[in-house]
Colleague: 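Attaching a single structure in C-alpha coordinates format; questions to follow.
Since we're looking at a predicted model, the values are computed, not measured. Quick note: numbers below take in every heavy atom, side chains included, and nothing from hydrogens, waters or symmetry partners.
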Amino acid sequence: MTRRITGLAYVLMVLLVVLAPLPLGSNREWSWSLAAALTGVVGLLWLVAGLLRPVDISAAIHPAIPTLFVFALLWAGVQTCSATPSSWHHPLWSMTSETLGMPLLGRVSLAPQDGWTAIMRLTGYALLFLVAMQLGRSERRARAVFGWLTMAGLAYAVFGLAVYWGGLHPHWLFGETVLGHDLRSTFVNRNHFATWQGLTILCALAYFYQRMVRPEIRPYAVPKDRETQVEEFVLKSWKPMIALVLMVTALVLTHSRGGFLSTVAGASTLLWLLDKRVSARPGEEGRRKLSRIIAGTALAVASIAFFLTSEVLLDRIERTDVTSEERVAVFGNIQRAIGDNPGLGFGYGTFADSFRLYDQNEGPVHYDKAHNTWLENAFELGVMGATVLYLALAGLALTCWKGVRRRHRDWVYPATGMAASILIGVHALMDFSVQIPAVAMLFALILGIGCSQSYSSLKTD
(Lines give C-alpha, C1' and ligand atoms only; values in the text may rest on other atoms or scores of the structure.)
Protein backbone atom coordinates (compact mmCIF):
# COMPACT_ATOMS: atom_id res chain seq x y z
CA MET A 1 0.00 0.00 0.00
CA THR A 2 2.81 2.40 0.93
CA ARG A 3 4.60 1.73 -2.35
CA ARG A 4 1.47 2.48 -4.35
CA ILE A 5 0.87 5.78 -2.55
CA THR A 6 4.53 6.74 -2.95
CA GLY A 7 4.43 5.79 -6.63
CA LEU A 8 1.29 7.87 -7.17
CA ALA A 9 2.92 10.88 -5.46
CA TYR A 10 6.00 10.43 -7.64
CA VAL A 11 4.00 10.27 -10.89
CA LEU A 12 1.87 13.30 -9.98
CA MET A 13 4.98 15.27 -9.03
CA VAL A 14 6.66 14.61 -12.37
CA LEU A 15 3.48 15.26 -14.38
CA LEU A 16 2.90 18.53 -12.50
CA VAL A 17 6.35 19.86 -13.43
CA VAL A 18 6.31 18.52 -16.99
CA LEU A 19 2.87 19.97 -17.78
CA ALA A 20 3.35 23.28 -15.95
CA PRO A 21 4.75 25.11 -19.04
CA LEU A 22 1.71 24.23 -21.15
CA PRO A 23 -0.68 26.90 -19.80
CA LEU A 24 1.64 29.86 -20.56
CA GLY A 25 4.20 28.80 -17.98
CA SER A 26 1.41 28.55 -15.36
CA ASN A 27 1.75 32.32 -15.02
CA ARG A 28 -1.93 33.00 -14.61
CA GLU A 29 -3.94 33.16 -11.41
CA TRP A 30 -5.99 30.05 -12.16
CA SER A 31 -2.97 28.01 -13.26
CA TRP A 32 -0.64 28.86 -10.39
CA SER A 33 -3.49 28.30 -7.92
CA LEU A 34 -4.17 24.90 -9.49
CA ALA A 35 -0.45 24.08 -9.40
CA ALA A 36 -0.29 24.99 -5.71
CA ALA A 37 -3.35 22.83 -4.98
CA LEU A 38 -1.90 19.84 -6.85
CA THR A 39 1.41 20.30 -5.07
CA GLY A 40 -0.54 20.11 -1.81
CA VAL A 41 -2.11 16.84 -2.97
CA VAL A 42 1.35 15.44 -3.77
CA GLY A 43 2.55 16.54 -0.35
CA LEU A 44 -0.39 14.88 1.39
CA LEU A 45 0.22 11.61 -0.47
CA TRP A 46 3.86 11.65 0.58
CA LEU A 47 2.86 12.46 4.18
CA VAL A 48 0.41 9.53 4.27
CA ALA A 49 3.10 7.21 2.91
CA GLY A 50 5.54 8.54 5.50
CA LEU A 51 3.10 7.96 8.36
CA LEU A 52 2.47 4.41 7.19
CA ARG A 53 6.19 3.76 6.98
CA PRO A 54 8.22 6.36 8.91
CA VAL A 55 11.52 5.00 7.66
CA ASP A 56 10.73 6.55 4.29
CA ILE A 57 11.09 10.05 5.75
CA SER A 58 14.58 11.51 5.62
CA ALA A 59 15.83 14.85 6.91
CA ALA A 60 19.31 14.89 5.48
CA ILE A 61 19.90 18.60 4.92
CA HIS A 62 21.33 20.83 7.64
CA PRO A 63 18.58 22.06 10.02
CA ALA A 64 19.75 25.65 9.58
CA ILE A 65 18.47 25.65 5.99
CA PRO A 66 14.75 25.01 6.74
CA THR A 67 15.05 27.28 9.79
CA LEU A 68 16.23 30.17 7.64
CA PHE A 69 13.54 29.54 5.05
CA VAL A 70 10.76 29.36 7.64
CA PHE A 71 12.01 32.61 9.19
CA ALA A 72 11.82 34.34 5.79
CA LEU A 73 8.34 32.90 5.21
CA LEU A 74 7.14 34.01 8.64
CA TRP A 75 8.48 37.50 8.07
CA ALA A 76 6.57 37.67 4.79
CA GLY A 77 3.45 36.75 6.76
CA VAL A 78 4.16 39.34 9.47
CA GLN A 79 4.34 42.02 6.78
CA THR A 80 0.68 41.37 5.92
CA CYS A 81 -0.59 41.52 9.51
CA SER A 82 -2.10 44.57 11.17
CA ALA A 83 -1.08 43.41 14.69
CA THR A 84 2.35 44.96 14.30
CA PRO A 85 3.74 48.16 15.86
CA SER A 86 2.28 51.25 14.21
CA SER A 87 5.80 52.55 13.68
CA TRP A 88 6.33 49.64 11.27
CA HIS A 89 3.30 50.50 9.12
CA HIS A 90 3.86 52.25 5.83
CA PRO A 91 2.82 55.93 6.02
CA LEU A 92 0.56 55.49 3.01
CA TRP A 93 -1.95 53.64 5.20
CA SER A 94 -2.45 56.62 7.54
CA MET A 95 -2.51 59.05 4.62
CA THR A 96 -5.22 56.99 2.92
CA SER A 97 -7.17 56.79 6.17
CA GLU A 98 -7.12 60.59 6.54
CA THR A 99 -8.12 61.10 2.92
CA LEU A 100 -11.07 58.71 3.12
CA GLY A 101 -12.08 59.87 6.58
CA MET A 102 -12.32 56.34 7.91
CA PRO A 103 -9.97 54.19 10.03
CA LEU A 104 -7.78 51.69 8.22
CA LEU A 105 -5.61 49.02 9.77
CA GLY A 106 -2.03 49.73 8.80
CA ARG A 107 0.51 47.12 7.76
CA VAL A 108 4.09 46.86 6.59
CA SER A 109 2.82 45.55 3.26
CA LEU A 110 1.08 47.89 0.86
CA ALA A 111 -0.85 45.03 -0.79
CA PRO A 112 -1.55 42.25 1.77
CA GLN A 113 -3.58 40.10 -0.63
CA ASP A 114 -0.72 40.02 -3.10
CA GLY A 115 1.54 39.08 -0.21
CA TRP A 116 -0.55 36.03 0.67
CA THR A 117 -0.59 34.96 -2.97
CA ALA A 118 3.20 35.19 -3.12
CA ILE A 119 3.49 33.25 0.14
CA MET A 120 1.21 30.53 -1.25
CA ARG A 121 3.39 30.19 -4.34
CA LEU A 122 6.65 30.14 -2.41
CA THR A 123 5.26 27.54 0.00
CA GLY A 124 4.21 25.39 -2.96
CA TYR A 125 7.72 25.49 -4.42
CA ALA A 126 9.20 24.57 -1.04
CA LEU A 127 6.79 21.65 -0.69
CA LEU A 128 7.67 20.43 -4.18
CA PHE A 129 11.36 20.60 -3.27
CA LEU A 130 10.73 18.67 -0.05
CA VAL A 131 8.80 15.88 -1.79
CA ALA A 132 11.42 15.67 -4.56
CA MET A 133 14.15 15.39 -1.94
CA GLN A 134 12.31 12.50 -0.30
CA LEU A 135 11.25 10.61 -3.41
CA GLY A 136 14.56 11.24 -5.17
CA ARG A 137 16.61 9.22 -2.70
CA SER A 138 16.24 6.26 -5.03
CA GLU A 139 18.78 6.54 -7.88
CA ARG A 140 16.34 4.77 -10.16
CA ARG A 141 13.70 7.42 -9.53
CA ALA A 142 16.24 10.24 -9.83
CA ARG A 143 17.42 8.92 -13.20
CA ALA A 144 13.82 8.53 -14.37
CA VAL A 145 13.02 12.13 -13.37
CA PHE A 146 15.95 13.44 -15.39
CA GLY A 147 14.86 11.28 -18.29
CA TRP A 148 11.33 12.69 -18.18
CA LEU A 149 12.62 16.25 -17.91
CA THR A 150 14.88 15.65 -20.91
CA MET A 151 11.95 14.35 -22.95
CA ALA A 152 9.80 17.29 -21.84
CA GLY A 153 12.53 19.73 -22.84
CA LEU A 154 12.76 18.06 -26.24
CA ALA A 155 8.97 18.07 -26.73
CA TYR A 156 8.58 21.78 -25.92
CA ALA A 157 11.63 22.57 -28.06
CA VAL A 158 10.18 20.73 -31.05
CA PHE A 159 6.84 22.49 -30.61
CA GLY A 160 8.60 25.84 -30.42
CA LEU A 161 10.71 25.10 -33.49
CA ALA A 162 7.63 24.05 -35.49
CA VAL A 163 5.83 27.28 -34.58
CA TYR A 164 8.91 29.43 -35.22
CA TRP A 165 9.98 27.92 -38.56
CA GLY A 166 6.38 27.50 -39.71
CA GLY A 167 5.51 31.12 -38.97
CA LEU A 168 2.51 29.93 -36.99
CA HIS A 169 0.53 31.62 -34.24
CA PRO A 170 -1.31 29.10 -32.00
CA HIS A 171 -4.52 30.99 -31.23
CA TRP A 172 -5.57 28.25 -28.80
CA LEU A 173 -2.54 29.20 -26.71
CA PHE A 174 -1.82 32.91 -27.19
CA GLY A 175 -5.18 34.17 -28.43
CA GLU A 176 -4.92 37.52 -30.21
CA THR A 177 -1.76 38.58 -28.37
CA VAL A 178 0.78 40.03 -30.81
CA LEU A 179 4.17 38.42 -30.28
CA GLY A 180 7.54 39.02 -31.89
CA HIS A 181 9.24 36.49 -34.16
CA ASP A 182 11.19 34.72 -31.44
CA LEU A 183 10.94 31.14 -30.28
CA ARG A 184 8.96 30.99 -27.05
CA SER A 185 7.24 27.57 -27.20
CA THR A 186 4.29 27.76 -24.74
CA PHE A 187 5.58 30.79 -22.82
CA VAL A 188 4.54 34.36 -23.55
CA ASN A 189 7.99 35.71 -22.76
CA ARG A 190 10.96 34.29 -24.66
CA ASN A 191 13.31 34.87 -21.71
CA HIS A 192 11.21 32.65 -19.47
CA PHE A 193 11.27 29.79 -21.95
CA ALA A 194 15.01 30.28 -22.41
CA THR A 195 15.55 29.75 -18.68
CA TRP A 196 13.23 26.76 -18.60
CA GLN A 197 14.89 25.25 -21.66
CA GLY A 198 18.32 25.88 -20.16
CA LEU A 199 17.39 23.87 -17.08
CA THR A 200 16.20 20.96 -19.22
CA ILE A 201 19.45 21.11 -21.20
CA LEU A 202 21.32 20.60 -17.93
CA CYS A 203 19.10 17.58 -17.25
CA ALA A 204 19.80 16.26 -20.74
CA LEU A 205 23.55 16.59 -20.25
CA ALA A 206 23.36 14.85 -16.88
CA TYR A 207 21.11 12.08 -18.18
CA PHE A 208 23.36 11.52 -21.18
CA TYR A 209 26.46 11.47 -18.99
CA GLN A 210 24.94 9.03 -16.49
CA ARG A 211 23.75 6.76 -19.26
CA MET A 212 27.14 6.65 -20.98
CA VAL A 213 29.42 6.43 -17.94
CA ARG A 214 27.40 4.10 -15.72
CA PRO A 215 29.08 0.67 -16.02
CA GLU A 216 27.12 -2.30 -17.33
CA ILE A 217 27.11 -5.28 -14.99
CA ARG A 218 27.77 -8.48 -16.93
CA PRO A 219 28.72 -11.92 -15.60
CA TYR A 220 31.41 -12.23 -18.25
CA ALA A 221 33.31 -9.24 -19.61
CA VAL A 222 34.97 -9.71 -22.97
CA PRO A 223 37.64 -7.15 -23.89
CA LYS A 224 36.54 -4.90 -26.76
CA ASP A 225 38.73 -3.43 -29.45
CA ARG A 226 38.70 0.30 -30.24
CA GLU A 227 36.42 -0.08 -33.27
CA THR A 228 33.78 -1.89 -31.22
CA GLN A 229 33.97 0.73 -28.47
CA VAL A 230 33.50 3.55 -30.96
CA GLU A 231 30.57 1.77 -32.57
CA GLU A 232 28.86 1.22 -29.21
CA PHE A 233 29.46 4.85 -28.24
CA VAL A 234 27.84 6.10 -31.46
CA LEU A 235 24.88 3.74 -31.11
CA LYS A 236 24.26 4.85 -27.52
CA SER A 237 24.81 8.56 -28.08
CA TRP A 238 23.15 9.48 -31.38
CA LYS A 239 19.65 9.87 -29.93
CA PRO A 240 20.73 12.06 -26.98
CA MET A 241 22.88 14.13 -29.33
CA ILE A 242 19.97 14.80 -31.70
CA ALA A 243 17.86 15.82 -28.71
CA LEU A 244 20.62 18.14 -27.52
CA VAL A 245 20.92 19.74 -30.98
CA LEU A 246 17.19 20.50 -31.09
CA MET A 247 17.11 21.82 -27.52
CA VAL A 248 20.14 24.09 -28.01
CA THR A 249 18.70 25.31 -31.31
CA ALA A 250 15.44 26.20 -29.56
CA LEU A 251 17.37 28.02 -26.85
CA VAL A 252 19.40 30.07 -29.34
CA LEU A 253 16.32 30.99 -31.40
CA THR A 254 14.68 32.55 -28.37
CA HIS A 255 17.23 35.34 -29.02
CA SER A 256 17.42 35.76 -25.24
CA ARG A 257 20.84 37.09 -24.29
CA GLY A 258 20.36 36.48 -20.59
CA GLY A 259 18.86 33.02 -21.10
CA PHE A 260 21.72 31.96 -23.36
CA LEU A 261 24.53 33.35 -21.20
CA SER A 262 23.07 31.91 -17.99
CA THR A 263 22.69 28.50 -19.65
CA VAL A 264 26.32 28.66 -20.76
CA ALA A 265 27.27 29.45 -17.16
CA GLY A 266 25.21 26.54 -15.83
CA ALA A 267 26.39 24.04 -18.45
CA SER A 268 30.03 25.07 -17.95
CA THR A 269 29.63 24.55 -14.21
CA LEU A 270 28.10 21.12 -14.73
CA LEU A 271 30.79 19.91 -17.14
CA TRP A 272 33.53 21.34 -14.92
CA LEU A 273 32.15 19.58 -11.84
CA LEU A 274 31.83 16.27 -13.66
CA ASP A 275 35.37 16.46 -15.01
CA LYS A 276 36.79 17.61 -11.67
CA ARG A 277 35.03 14.81 -9.79
CA VAL A 278 36.24 12.08 -12.14
CA SER A 279 39.78 13.50 -12.26
CA ALA A 280 39.93 13.52 -8.46
CA ARG A 281 39.54 9.74 -8.26
CA PRO A 282 42.75 7.75 -8.75
CA GLY A 283 42.78 4.59 -10.81
CA GLU A 284 39.91 5.59 -13.13
CA GLU A 285 41.80 6.72 -16.19
CA GLY A 286 39.35 4.88 -18.46
CA ARG A 287 36.29 6.56 -16.98
CA ARG A 288 38.07 9.93 -16.98
CA LYS A 289 38.82 9.57 -20.67
CA LEU A 290 35.24 8.53 -21.45
CA SER A 291 33.92 11.42 -19.37
CA ARG A 292 35.93 13.92 -21.37
CA ILE A 293 34.90 12.32 -24.66
CA ILE A 294 31.26 12.70 -23.61
CA ALA A 295 31.78 16.33 -22.58
CA GLY A 296 33.67 17.08 -25.82
CA THR A 297 30.95 15.44 -27.93
CA ALA A 298 28.21 17.41 -26.17
CA LEU A 299 30.12 20.66 -26.61
CA ALA A 300 30.77 19.95 -30.29
CA VAL A 301 27.11 19.17 -30.98
CA ALA A 302 25.94 22.24 -29.04
CA SER A 303 28.46 24.42 -30.88
CA ILE A 304 27.18 23.21 -34.26
CA ALA A 305 23.60 24.05 -33.27
CA PHE A 306 24.74 27.44 -32.00
CA PHE A 307 26.69 28.54 -35.06
CA LEU A 308 23.93 27.44 -37.43
CA THR A 309 21.23 29.52 -35.73
CA SER A 310 22.92 32.27 -33.73
CA GLU A 311 23.04 35.18 -36.19
CA VAL A 312 20.27 37.21 -34.56
CA LEU A 313 21.41 36.36 -31.03
CA LEU A 314 25.01 37.36 -31.73
CA ASP A 315 23.80 40.60 -33.31
CA ARG A 316 21.77 41.41 -30.18
CA ILE A 317 24.75 40.64 -27.94
CA GLU A 318 27.06 42.84 -30.06
CA ARG A 319 24.61 45.74 -29.95
CA THR A 320 24.12 45.46 -26.20
CA ASP A 321 24.92 48.66 -24.31
CA VAL A 322 24.12 48.10 -20.66
CA THR A 323 24.35 51.79 -19.77
CA SER A 324 21.64 52.73 -22.27
CA GLU A 325 19.07 50.14 -21.19
CA GLU A 326 16.04 51.40 -19.29
CA ARG A 327 16.26 48.63 -16.72
CA VAL A 328 19.52 50.13 -15.41
CA ALA A 329 17.58 53.26 -14.43
CA VAL A 330 14.94 51.00 -12.87
CA PHE A 331 17.64 49.27 -10.81
CA GLY A 332 18.75 52.69 -9.56
CA ASN A 333 15.21 53.56 -8.48
CA ILE A 334 14.86 50.21 -6.70
CA GLN A 335 18.11 50.72 -4.84
CA ARG A 336 16.90 54.15 -3.74
CA ALA A 337 13.68 52.57 -2.45
CA ILE A 338 15.62 49.90 -0.57
CA GLY A 339 17.72 52.66 1.00
CA ASP A 340 14.54 54.39 2.21
CA ASN A 341 13.21 51.25 3.90
CA PRO A 342 16.03 48.68 4.29
CA GLY A 343 14.76 46.93 7.40
CA LEU A 344 11.05 46.31 6.91
CA GLY A 345 10.63 46.21 3.15
CA PHE A 346 7.43 47.04 1.31
CA GLY A 347 5.76 43.64 1.54
CA TYR A 348 6.48 40.34 -0.16
CA GLY A 349 4.84 40.05 -3.58
CA THR A 350 3.88 43.74 -3.71
CA PHE A 351 6.47 45.13 -6.12
CA ALA A 352 3.93 45.90 -8.86
CA ASP A 353 2.00 48.26 -6.56
CA SER A 354 4.75 49.51 -4.24
CA PHE A 355 7.21 50.47 -6.95
CA ARG A 356 4.78 53.05 -8.33
CA LEU A 357 5.98 55.33 -5.53
CA TYR A 358 9.50 55.25 -6.96
CA ASP A 359 8.96 54.69 -10.68
CA GLN A 360 10.42 57.85 -12.20
CA ASN A 361 10.90 56.56 -15.73
CA GLU A 362 9.29 58.74 -18.37
CA GLY A 363 8.37 55.82 -20.60
CA PRO A 364 4.76 54.60 -20.86
CA VAL A 365 5.66 51.14 -19.51
CA HIS A 366 5.20 50.50 -15.80
CA TYR A 367 7.58 47.89 -14.40
CA ASP A 368 5.56 45.37 -12.41
CA LYS A 369 8.71 43.26 -12.05
CA ALA A 370 12.19 44.47 -11.19
CA HIS A 371 13.91 42.39 -13.89
CA ASN A 372 16.36 41.54 -11.11
CA THR A 373 15.00 39.05 -8.60
CA TRP A 374 17.83 39.73 -6.17
CA LEU A 375 16.86 43.40 -5.93
CA GLU A 376 13.14 42.72 -5.98
CA ASN A 377 13.30 40.45 -2.95
CA ALA A 378 15.38 43.01 -1.06
CA PHE A 379 12.78 45.66 -2.01
CA GLU A 380 9.87 43.52 -0.80
CA LEU A 381 11.29 41.64 2.20
CA GLY A 382 13.86 44.17 3.32
CA VAL A 383 17.57 43.54 3.32
CA MET A 384 17.49 41.21 6.33
CA GLY A 385 14.53 39.14 5.14
CA ALA A 386 15.96 38.77 1.64
CA THR A 387 19.39 37.84 3.04
CA VAL A 388 17.86 35.09 5.15
CA LEU A 389 16.04 33.71 2.10
CA TYR A 390 19.22 33.84 0.04
CA LEU A 391 21.18 32.06 2.77
CA ALA A 392 18.64 29.22 2.73
CA LEU A 393 19.00 28.85 -1.04
CA ALA A 394 22.78 29.12 -0.79
CA GLY A 395 22.68 26.34 1.81
CA LEU A 396 20.93 24.06 -0.68
CA ALA A 397 23.50 24.85 -3.36
CA LEU A 398 26.27 24.17 -0.83
CA THR A 399 24.62 20.85 0.00
CA CYS A 400 24.86 19.90 -3.68
CA TRP A 401 28.47 21.06 -3.80
CA LYS A 402 29.30 18.84 -0.83
CA GLY A 403 27.40 16.00 -2.47
CA VAL A 404 29.61 16.17 -5.55
CA ARG A 405 32.68 15.86 -3.35
CA ARG A 406 31.17 13.32 -0.93
CA ARG A 407 29.49 10.75 -3.12
CA HIS A 408 31.37 7.80 -4.56
CA ARG A 409 28.78 7.44 -7.31
CA ASP A 410 25.76 9.26 -8.72
CA TRP A 411 27.39 12.66 -8.11
CA VAL A 412 25.92 13.82 -11.43
CA TYR A 413 22.66 14.69 -9.67
CA PRO A 414 24.07 17.07 -7.04
CA ALA A 415 26.32 18.48 -9.76
CA THR A 416 23.21 19.29 -11.79
CA GLY A 417 21.58 20.87 -8.74
CA MET A 418 24.62 23.10 -8.31
CA ALA A 419 24.67 23.98 -12.03
CA ALA A 420 20.94 24.79 -11.98
CA SER A 421 21.53 27.13 -9.03
CA ILE A 422 24.23 28.95 -11.01
CA LEU A 423 21.95 29.22 -14.06
CA ILE A 424 19.05 30.60 -12.03
CA GLY A 425 21.26 32.93 -10.00
CA VAL A 426 22.93 34.43 -13.08
CA HIS A 427 19.68 34.97 -14.97
CA ALA A 428 18.04 36.47 -11.87
CA LEU A 429 20.51 39.35 -12.20
CA MET A 430 18.86 40.50 -15.43
CA ASP A 431 15.35 39.05 -15.50
CA PHE A 432 12.62 37.45 -13.39
CA SER A 433 12.23 34.01 -14.98
CA VAL A 434 12.53 32.22 -11.63
CA GLN A 435 9.35 34.03 -10.55
CA ILE A 436 7.41 32.21 -13.28
CA PRO A 437 5.74 29.14 -11.70
CA ALA A 438 6.80 26.62 -14.39
CA VAL A 439 10.44 27.69 -14.07
CA ALA A 440 10.35 27.78 -10.26
CA MET A 441 8.78 24.31 -10.06
CA LEU A 442 11.35 22.85 -12.44
CA PHE A 443 14.18 24.41 -10.42
CA ALA A 444 12.68 23.09 -7.16
CA LEU A 445 12.46 19.57 -8.61
CA ILE A 446 16.05 19.56 -9.90
CA LEU A 447 17.39 21.04 -6.66
CA GLY A 448 15.38 18.54 -4.60
CA ILE A 449 16.80 15.61 -6.56
CA GLY A 450 20.29 17.11 -6.30
CA CYS A 451 20.10 17.53 -2.52
CA SER A 452 18.58 14.08 -2.09
CA GLN A 453 21.37 12.42 -4.05
CA SER A 454 23.98 14.39 -2.10
CA TYR A 455 23.63 11.69 0.55
CA SER A 456 23.67 7.95 0.17
CA SER A 457 20.33 6.30 0.84
CA LEU A 458 22.32 3.56 2.57
CA LYS A 459 24.17 6.11 4.74
CA THR A 460 27.40 4.68 3.34
CA ASP A 461 28.39 4.88 -0.26
Side-chain angles (χ1 to χ4, degrees), residues 1-23 25-27 29-63 65-74 76-77 115-138 140-142 144-146 148-149 152 348-349 389 392-393 395-396 399 413 417 420 434-455 457:
M1 182 67 177
T2 303
R3 288 185 177 180
R4 291 182 179 179
I5 296 176
T6 303
L8 179 60
Y10 167 77
V11 171
L12 288 178
M13 176 186 71
V14 175
L15 285 177
L16 176 61
V17 176
V18 167
L19 297 178
L22 191 56
S26 293
N27 194 33
E29 185 174 354
W30 71 266
S31 54
W32 72 54
S33 300
L34 178 61
L38 292 176
T39 302
V41 172
V42 173
L44 286 175
L45 289 173
W46 165 74
L47 180 61
V48 170
L51 292 175
L52 292 175
R53 188 180 179 185
V55 73
D56 284 341
I57 299 179
S58 171
I61 61 174
H62 195 282
I65 297 175
T67 300
L68 289 169
F69 178 81
V70 170
F71 179 86
L73 202 63
L74 288 175
W116 284 115
T117 299
I119 291 172
M120 175 195 72
R121 291 168 59 171
L122 184 60
T123 304
Y125 306 147
L127 179 59
L128 183 62
F129 164 83
L130 180 62
V131 175
M133 192 182 69
Q134 300 300 322
L135 300 182
R137 287 183 297 141
S138 164
R140 178 181 59 83
R141 281 191 188 138
V145 167
F146 274 47
W148 277 106
L149 294 181
Y348 188 52
L389 180 60
L393 293 174
L396 297 177
T399 299
Y413 302 110
V434 72
Q435 296 169 246
I436 303 303
V439 177
M441 287 190 287
L442 176 58
F443 177 50
L445 178 58
I446 295 173
L447 197 57
I449 296 293
C451 288
S452 176
Q453 287 295 317
S454 295
Y455 302 87
S457 60

Colleague: Could you give the side-chain donor-acceptor pairs of residues 438-446 under 3.5 Å, partners two or more places apart or in another chain?
Modeller:
none

Colleague: Listed by chain and number, what are the ring pair (Phe, Tyr, Trp, His ring centres under 6.0 Å) partners of Phe146, not counting sequence neighbours?
Modeller: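 So Phe146 forms a ring pair (Phe, Tyr, Trp, His ring centres under 6.0 Å) with Tyr413.
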Colleague: Checking side chain to side chain contact (heavy atoms under 4.5 Å, CB included) for the pair Leu12/Leu38: CA distance, chi angles, key distance, verdict?
Modeller: CA-CA 8 Å; Leu12 288 178; Leu38 292 176; over 6 Å; no
Colleague: Taking only residues two or more places apart in sequence, or in another chain, which ones meet Val18 in a side chain to side chain contact (heavy atoms under 4.5 Å, CB included)?
Modeller: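 Val18: side chain to side chain contact (heavy atoms under 4.5 Å, CB included) contacts with Val14, Leu149, Ala152.
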Colleague: Determine yes or no for a side-chain-to-main-chain donor-acceptor pair under 3.5 angstrom, with Ser26 supplying the side chain and Ala20 the backbone.
Modeller: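 Here the side-chain-to-backbone pair exists.
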Colleague: Given side chain to side chain contact (heavy atoms under 4.5 Å, CB included), test Tyr455 with Arg137 step by step and report yes or no.
Modeller: CA-CA 8 Å; Tyr455 302 87; Arg137 287 183 297 141; over 6 Å; no
Colleague: What pairs of residues pass the side chain to side chain donor-acceptor pair (under 3.5 Å) test when at least one of them lies in residues 434-451, not counting sequence neighbours?
Modeller: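 As it turns out, the side chain to side chain donor-acceptor pair (under 3.5 Å) pairs with a partner in residues 434-451, which skip direct neighbours, are Thr373-Gln435, Glu376-Gln435.
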Colleague: Without swapping roles, check the side chain of Thr399 against the backbone of Ile61 for a donor-acceptor pair under 3.5 Å.
Modeller: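 No.
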Colleague: Going by the rule side chain to side chain contact (heavy atoms under 4.5 Å, CB included), which residues pair with Ala126 if we only count those two or more places apart in sequence or in a different chain?
Modeller: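 Only Phe69 meet the side chain to side chain contact (heavy atoms under 4.5 Å, CB included) criterion with Ala126.
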Colleague: Among residues at least two apart in sequence or on other chains, which ones pass side chain to side chain contact (heavy atoms under 4.5 Å, CB included) with Leu19?
Modeller: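 If we apply the side chain to side chain contact (heavy atoms under 4.5 Å, CB included) test to Leu19, skipping adjacent residues, there are no hits.
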Colleague: Taking Gly136's backbone N and O only, do any of them form a donor-acceptor pair with Gln453's side chain (distance below 3.5 Å, no angle check)?
Modeller: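 Yes, Gln453 side chain to Gly136 backbone: donor-acceptor pair under 3.5 Å.
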Colleague: Got Trp32 and Thr117 here, is their nearest side-chain heavy-atom distance under 4.5 Å?
Modeller: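 In short, these two side chains touch, coming nearer than 4.5 Å.
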Colleague: I need the Leu45 CG to Leu8 CG distance, nearest 0.5 Å.
Modeller: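 Spacing of CG (Leu45) from CG (Leu8) equals 5.0 Å.
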